[in-house]
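Before any comments, here is the structure.
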Amino acid sequence: MARSSHQPKSTTVDEDPSASISAVHPDIIQTHILTRLDGPTLASAACTSSQLHTLASDHRLWANICHSTWPSTTTPRLRQVISTFPDGAFSFFSDSFPLLDNLDSTAADHHDRPTELISAVDIYHGDKLIFSKVVETETVSGWFMCSPFRIDLLDPKEVVPTPVKYPVGQEVDTCRDLGEELRLSWILMDPLGRRAMNLSSHTAVSVQRHWLSGEVHARFSSILPGERGTASEFVQCGIVVTCGAGSEGGELQVREVSLQVEDMDGMHLNGKDGLVILQRGLEGRKGRKGRRGEEGRRRYGDYLERKRERKEKKMRTEGTLDTLCVTFGVLGFFVFWLFILCR
């Protein structure tokens, strides 16, 4: 029996992606395609062809991405600062989106110390923005240099309402929800040096409820290098969001958002030392690998392990010194009485 000679029809596809994309009008690509992409996807698309690279380099595209990613950047002050960056909004996004990835504590300082720091902070619960603020901090006064480094976003009696329910008896579930859904971005900028970095781990590295006050503390963290062989060999830039119930069974309120710099002994650095650490972070390269939340928690876990090892080593050293002191004390006591008895 003869085999049928009919073959399924095949369609030919142009294997040259640049030829296929060139058939689409540039205005359509720029206004209907590229505007739908987020920052990392747009950066990847720009690497596929020279035409897309040109279209994706438009300042307005990156400015809109920055504004949608971080609503705090829509303020006139930040618009002006971002426009001074080497490549405008694209440079700002490249600095601010990824986690810090500089572990070289010997990096040279190529810029003058910042005379001012600008903090642009945005807090989300899920996809809903619950807090956004810009704070400017001077860094040249004697008070700043000598006091513990700390930036507070809220006034003592200021609170920010949230849609997060905090029913009585379900505190554990609320803490779990915050650990999964709460996202924070803290972009620190040096306006004169035209540099920026994001000090947040994106998602919380720990969420704990205070046993007495009932307040919930969500910690975000970024680990930066310091001076080798000291307690500041690795430094934690810790951001703590403190929440409390507005009324019994009501919604959570954000009561405090603060940034502090802490060494491996748990001591808070002063403004002068903290500024040195932050300057290295501003000048360091930014990482792009892995998911930001998972990578941030991994680095925080590594930091806690190093902190634990340092504490154990310190305790062993102190124990050895105590033993030597007691030994020499007892030996001196016997030598003294031996000298008295043998006279």
Donor-acceptor contact below 3.5 Å, side chain [X] vs main chain [Y]:
X      : Y      : answer
Asp177 : Asp173 : no
Asn198 : Ser200 : yes
Asp155 : Glu158 : no
Gln236 : Gly238 : no
Thr73  : Cys66  : yes
Thr174 : Tyr166 : no
Arg219 : Ser206 : no
Ser222 : Cys237 : no
Asn270 : Pro148 : no
Ser119 : Leu188 : no

Would Asp122 and Ser132 count as having a side-chain donor-acceptor pair, cut-off 3.5 Å?
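Result is yes, a qualifying pair exists.
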Polar contact flag, side-chain donor to acceptor under 3.5 angstrom, Thr203-Arg297:
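Thr203 vs Arg297: donor-acceptor pair found between side chains.
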Just wondering, do [Y] and [X] contact through their side chains at under 4.5 Å, heavy atoms?
X      : Y      : result
Phe90  : Ser57  : no
Leu117 : Leu275 : yes
Val254 : Phe131 : no
Lys314 : Lys311 : no

Transitive ILVMFWY side-chain link [X] to [Y], under 4.5 Å:
X      : Y      : value
Leu154 : Val240 : no
Val261 : Val135 : yes
Phe339 : Leu331 : no
Met315 : Met267 : no
Phe334 : Val326 : yes

Would you call [X] and [Y] a salt bridge, using N to O less than 4.0 angstrom?
X      : Y      : answer
Lys165 : Glu181 : no
Glu295 : Arg299 : yes
Arg308 : Glu312 : yes
Glu233 : Arg306 : no

If you take all heavy atoms of [X] and [Y], which pair is closest and at what distance?
X      : Y      : result
Ser96  : Trp70  : CB-CH2, 3.7 Å
Pro71  : Thr69  : CD-O, 3.7 Å
Ala196 : Ile187 : CB-CG2, 4.2 Å
Val81  : Met189 : CG1-SD, 4.4 Å

Value rounded to 0.5 Å, distance of [atom1] in [X] from [atom2] in [Y]:
X      : Y      : atom1 : atom2 : value
Ile118 : Leu192 : CD1   : CG    : 9.0 Å
Tyr300 : Lys307 : OH    : NZ    : 7.0 Å
Gln260 : Ile239 : CD    : CD1   : 11.5 Å
Met197 : Leu224 : CE    : CG    : 6.0 Å
Thr242 : Arg255 : OG1   : CZ    : 9.5 Å
Ile277 : Glu227 : CD1   : CD    : 6.5 Å

Can you classify the ring geometry of His217 versus His210 as parallel (below 30°), tilted (30 to 60°) or perpendicular (above 60°)?
perpendicular
Would you please classify the geometry between the Phe93 ring and the Trp62 ring as parallel, tilted or perpendicular, with 30° and 60° separating the classes?
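The arrangement is tilted - the two ring planes meet at 30° to 60°.
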More than 12 heavy atoms of other groups within 6.0 Å of [X] [atom1]:
X      : atom1 : answer
Arg298 : CZ    : yes
Lys272 : NZ    : no
Asp322 : CG    : yes

Applying ring pair (Phe, Tyr, Trp, His ring centres under 6.0 Å) to Phe144 and Phe149, what does each step give before you reach the verdict?
CA-CA 7 Å; Phe144 174 86; Phe149 184 96; 5.8 Å; yes
Candidates Arg194, Arg195, Arg113 - the one meeting salt bridge (Lys or Arg N to Asp or Glu O under 4.0 Å) with Glu283
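Answer after filtering Arg194, Arg195, Arg113: Arg195.
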Could you check whether Tyr303 and Phe234 have their ring centres less than 6.0 Å apart?
no
